[in-house]
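Report on one structure; see the data block that follows.
The residues of the chain are indexed from 1 along the displayed sequence. Remember, it's 1-based here, ligands and their atoms both numbered in the order they're listed.
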Amino acid sequence: MFKLKELPYETNALEPVISKELLELHYGKHHATYTKNFNIAIEEYGLEDKSLDEIFAHISDYPKEVENHGGGYFNHQFFWESMAPVGSDDTRMGERMVELINKSFGSFENLQKEFEKQAVSLFGSGWVWLVENPNLNLLEIHQSFNQESPRMDFMIERNGDVNPLLNLDVWEHAYYPDYQNRRAEFVEKFWQIVNWRKAEERLLKNAE
Ligand code: MN
């Protein structure tokens with residue numbers, strides 16, 4: 001049984017970037033529904049004893065609904081934990097992350113430009129991810145469609161064995177109530193609420 005974890009902050013904590021109403025809808029309806037349907041699917045297909053990692057590592061072997069609901073369950077939980085209130089300590093970038101970003105993209109501005117480009121150009125519904133490539137010790141930016149997730153077997157084949165650090169939901173439901181069709185504006189404002197402390201905590205490779 002996979003549980004809908006509590007949000008790590010109050011539902012108004014991400015204002016003015018994400019309104020209380022939008023967060024309540026996104027978490028309380030969309031994420032809750034993915035969680036509910038994921039649990040129904042794993043019961044139906046006898047996957048109750050498996051961990052999420054195990055399920056994702058063999059996701060291609062299961063019916064598509066396991067991917068859709070399992071990805072929706074995990075991607076949203078990861079997303080809530082990737083954000084923090086505007087101006088909070090968690091939004092400050094540590095030295096290690098600054099160095100890694102400079103090494104990977106040349107500058108934070110370049111990272112932003114590339115991330116925003118991928119977020120805005122993603123056709124339809126999906127996610128944008130900042131990931132660590134532990135083999136190269138570099139950061140990369142990837143897209144995923146619908147509820148695909150970087151640790152799923154076919155995603156590892158597509159993009160390599162990478163470790164996700166941050167994600168951004170660019171499904172319309174993630175921004176429409178606050179921004180209508182202005183996805184680019186939502187993406188631009190996302191930087192104010194990125195939890196860089198969490199992103200750094202998620203790094204696999206120790207600083208050299
Ligand atoms: Mn969503």
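For F79 and W127, the gap between ring centers is short of 6.0 Å. Ring to ring, W191 and F108 are close: their centroids are under 6.0 angstrom apart.
Residue H30: no N/O/S atom is found under 2.8 Å from the Mn ion (ligand 1). Residue H76: an N/O/S atom is found under 2.8 Å from the Mn ion (ligand 1).
A donor-acceptor pair shorter than 3.5 Å can be found between the side chains of Q147 and Y34.
Salt bridge status for D161 with R151: present, with a side-chain N to carboxylate O gap under 4.0 Å.
Considering the Mn ion (ligand 1) as centre, the angle to OD2 of D169 and to NE2 of H26 is 90° (10° rounding).
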